[in-house]
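Worksheet for the structure shown next.
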Amino acid sequence: MENKKGHSHIISQAIDDIIRIMGEIGFSAVAGPEVESEFYNFDALNFPKNHPARDMQDTFWVKQSESEKEKLLLRTHTSPVQIRYLEKHKPPCAIIVPGKVYRNEATDATHEAQFYQVEGLYVAEKVSMAELKGTLLHLFKGYFGEDTEIIMRPSFFPFVEPGVEVAMKWKGRTLEMMGAGLVHPNVLRSAGIDPEKYQGFAFGGGIARMVMIKYGIDDIRMLYNGDLRLVNQF
């Protein structure tokens, strides 16, 4: 039998690529817990108490004893790590947070109950949407190629204001990629940062989506089922 050399999974390769690309402009990769508190996952990120993302159909809540007061869940995004980082580090700071997240939703060709995201955060005394666009352009050009362009359209996310949807022009197609915007003052306050002195931008999107687009994979489940026919191609 032929001995084949082992290698990293395509998702791991993408994470390494993203860390390298963002490291070129001073962003450091950080990590945090996958079992998270309601405060860090929702409250500190300016999600209203009645936001639908808190409902059982979107979030995996962790069953606890009646004596435990803090509600726990499987994190629905990697943004809680941003709050934890800001609590311990003074600005300026520039971080990315690649990692696994969980959503209580049906699995199909474009959705999984667990998948990988990458989020980015930059906080300093003066931050602009132009800097956000330049940062995202560096990321997409570095991963997809120099011919890549991006489009930013107005949108709403609780943790940024103003918020934008980020689309990418690539190989004649326009593709929605992630959400982004300037960090909401309430989020900075939750982390103990004075929003009168500091500003920030943040962005986040699915790593699997980036991989699927780059390599022409049409079913997200193929990235997680361990099928060596796919894995060995990369």
Side-chain angles (χ1 to χ4, degrees), residues 7-30 77-79 82 94-101 108-112 115-124 126-157 159-160 162-183 199-224 227 229-234:
H7 60 276
S8 297
H9 190 278
I10 185 58
I11 293 288
S12 298
Q13 293 178 38
I15 291 172
D16 290 342
D17 288 340
I18 292 167
I19 291 173
R20 173 185 53 79
I21 293 164
M22 296 303 292
E24 294 171 352
I25 54 173
F27 281 73
S28 301
V30 299
H77 46 185
T78 57
S79 298
Q82 300 177 10
I95 62 170
I96 56 168
V97 190
K100 191 180 292 184
V101 300
D108 59 27
T110 58
H111 298 86
E112 264 285 8
F115 54 96
Y116 283 86
Q117 274 193 337
V118 61
E119 305 206 14
L121 174 72
Y122 176 64
V123 177
K126 292 183 179 181
V127 176
S128 69
M129 291 292 283
E131 289 175 293
L132 168 60
K133 185 173 183 178
T135 300
L136 292 172
L137 197 56
H138 178 82
L139 171 59
F140 289 127
K141 281 180 176 288
Y143 190 72
F144 291 100
E146 284 298 319
D147 293 337
T148 306
E149 300 178 39
I150 62 171
I151 302 168
M152 296 167 67
R153 306 185 180 109
S155 189
F156 172 77
F157 304 98
F159 34 83
V160 291
V164 294
E165 284 185 353
V166 181
M168 176 182 71
K169 282 189 174 182
W170 186 72
K171 292 188 176 181
R173 295 183 294 167
T174 300
L175 304 156
E176 292 186 7
M177 297 302 296
M178 59 177 57
L182 298 185
V183 178
Q199 299 172 306
F201 66 66
F203 59 87
I207 294 175
R209 177 160 178 75
M210 296 174 68
V211 171
M212 291 170 69
I213 290 170
K214 184 173 182 176
Y215 296 104
I217 299 169
D218 58 8
D219 192 324
I220 191 173
R221 293 168 293 191
M222 296 174 68
L223 297 173
Y224 298 106
D227 190 334
R229 290 173 298 179
L230 175 77
V231 174
N232 287 338
Q233 293 182 47
F234 303 97

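Between Ile15 and Val118, every side-chain heavy-atom pair lies at or beyond the 4.5 Å cut-off. At a threshold of 4.5 Å between non-hydrogen side-chain atoms, the residues Met210 and Ile18 count as touching. A heavy-atom distance below 4.5 Å is found between the side chains of Leu139 and Met22. In this structure the side chain of Leu182 never reaches within 4.5 angstrom of the side chain of Val160, judged on heavy atoms. Contact of the Asp16 side chain with the Gln13 side chain is not registered, since no non-hydrogen atoms from C-beta on lie closer than 4.5 Å. Looking only at side-chain heavy atoms (C-beta outward), Met129 and Val164 come within less than 4.5 Å of each other. Under the 4.5 Å side-chain criterion, counting only non-hydrogen atoms from C-beta, Val101 is not in contact with Tyr116. Taking the side chain as every heavy atom from C-beta outward, Lys133 and Met152 approach each other to under 4.5 Å.
By the 30° and 60° cut-offs, the orientation of the rings of Phe201 relative to Tyr122 is tilted. Relative orientation of the Phe157 and Phe159 rings is parallel, given thresholds of 30° and 60° on the angle between their planes.
Atom CG of residue Leu136 and atom CZ of residue Phe203 lie 5.5 Å apart, to the nearest 0.5 angstrom. Between the CD1 atom of Ile150 and the NZ atom of Lys141 there is a distance of 9.5 Å, given to the nearest 0.5 Å. The CZ atom of Arg173 sits 7.5 Å away from the CE atom of Met168 when rounded to the nearest 0.5 Å. Remark: Ile19 CD1 to Ile96 CD1 distance equals 5.5 Å, nearest 0.5 Å. If you take CD1 on Ile11 and CD1 on Ile207, they are separated by 7.0 Å, rounding to the nearest 0.5 Å. One finds the CD atom of Glu176 at 10.0 Å from the CD1 atom of Ile213 (value rounded to the nearest 0.5 Å).
There is a side-chain donor-acceptor pair under 3.5 Å between Glu119 and Ser79.
For the pair Trp170 (side chain) and Phe144 (backbone), a donor-acceptor distance under 3.5 Å is present. Checking side-chain atoms of His9 against main-chain N and O of Leu223 turns up a donor-acceptor pair under 3.5 Å.
A cation-pi arrangement is found for Lys214 relative to Tyr143, the charged atom lying closer than 6.0 Å to the ring centre and inside a 45° cone about the ring normal.
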* To do: Using the side chain to side chain donor-acceptor pair (under 3.5 Å) rule, take Glu24 and His138 through it: C-alpha gap first, then chi angles, then the decisive distance, then the call.
  => CA-CA 9 Å; Glu24 294 171 352; His138 178 82; 3.2 Å; yes
